[in-house]
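Take a look at the structure set out below.
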Amino acid sequence: MSSEQPSILDTVVLLYFLLVGQEALLTRLLGEPLRVPLAVYDPEERSLPPEALRHSDLLSEMRQAIRHYEVAARSDLAADRLLQRVRRIDLLYDEAALEVVELSADERLLAARLQSRRTAAEYGIRVPLGAGEAACVAIAFTRGWTLATDDNAALTTLGALYGHDYPYERIRKLLVRAADEGLVAPSEAREIHEQMRQLGFWDSDELFA
């Protein structure tokens with residue numbers, strides 16, 4: 001059963017489900033379309049010339065991930081397989097299974113504060129949030145949406161903004177819910193979790209520990 005209210009996804013959650021080929025499961029858990037801010041995915045970047053794509057600091061976080069695997073795939077067949085999976089984000093957008101959410105003026109202002117070193121301490125974090133996390137937190141707080149992230153600083157910030165419990169999802173929670181709801185067997189949820197860890201997802205505990 002998908003989440004009853006809209007969710008906003010950060011890069012880590014979306015990326016790792018794509019890397020293990022489980023974007024359909026993510027959609028079943030969070031509902032269609034999946035929603036991300038422009039800082040996470042910008043469909044217009046597909047038309048950029050190669051020179052612009054080389055400047056990763058100017059790209060959305062998912063396009064940076066695609067560029068990373070494009071470079072790695074030049075010498076690694078395994079990276080090429082991962083590249084094809086990450087590139088599926090463009091297809092998700094074309095099929096309207098992924099929606100890019102525009103920030104309102106108030107959300108832009110909040111996201112800017114969350115990326116400022118001067119105001120980070122106000123939200124209980126030592127360093128500012130990245131662009132994707134800041135946009136996700138701003139949208140989640142302003143609209144009351146569920147935040148899907150595995151960034152502890154983003155969750156700390158959202159808690160400080162709310163001042164009480166708030167709706168959120170993270171990868172472990174999503175996989176446990178997938179098993180609980182019968183979307184996958186517990187053994188498959190464990191396998192997905194382990195595949196993510198092998199690809200760099202940091203989670204030292206077993207899924208159902």
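Side-chain contact check for Asp10 and Thr149: at least one donor-acceptor pair (N or O, by modelled atom type) lies under 3.5 Å. Checked by atom type, the side-chain pair Thr27/Glu32 shows no donor-acceptor distance below 3.5 Å.
Of all heavy-atom pairs spanning Leu19 and Arg85, the tightest one is O-NH1, 2.8 Å. Scanning both residues, Leu103 and Pro37, for their nearest heavy atoms gives CD1-CB, 4.1 Å. Taking both residues in full, the closest heavy atoms of Asp90 and Arg63 are given as OD1-NH2, 2.9 Å, listed atom of the first, atom of the second, then distance. Residues Glu188 and Gln22 come closest through the heavy atom pair OE2-NE2, 4.0 Å.
Residues Arg190 and Glu206 are not paired through a salt bridge, judged by the lack of any N-O separation under 4.0 Å between the basic side chain and the carboxylate. Under the 4.0 Å criterion applied to side-chain N and carboxylate O atoms, Glu181 and Arg28 are not assigned as salt-bridge partners. A salt bridge links Arg177 to Glu169: one of the charged nitrogens lies within less than 4.0 Å of a carboxylate oxygen. With salt bridges taken as basic N to acidic carboxylate O contacts below 4.0 Å, none links Glu45 and Arg67. Classification of Asp94 and Arg88 as a salt-bridged pair fails, no side-chain N sitting under 4.0 Å from a carboxylate O.
Judged by a 6.0 Å distance limit and a 45° cone about the ring axis, Arg35 is positioned over the six-membered ring of Trp145.
Annotation: Tyr93, atom OH; neighbour count of heavy atoms from other residues, nucleotides and ligands within 6.0 Å does not exceed 12.
A perpendicular orientation is assigned to the rings of Phe141 and Tyr162, their planes being inclined by more than 60° (bins at 30° and 60°). Taking the six-membered ring for Trp and thresholds of 30 and 60 degrees, Tyr166 and Tyr168 have ring planes inclined between 30 and 60 degrees apart.
No side-chain donor-acceptor contact under 3.5 Å links Glu99 to the backbone of Pro33. In this structure, Gln115 contributes its side chain and Leu129 its backbone to no donor-acceptor pair below 3.5 Å.
Considering Arg197, Arg170, His193 as possible partners of Asp203, the one that fulfils the side chain to side chain donor-acceptor pair (under 3.5 Å) test is His193.
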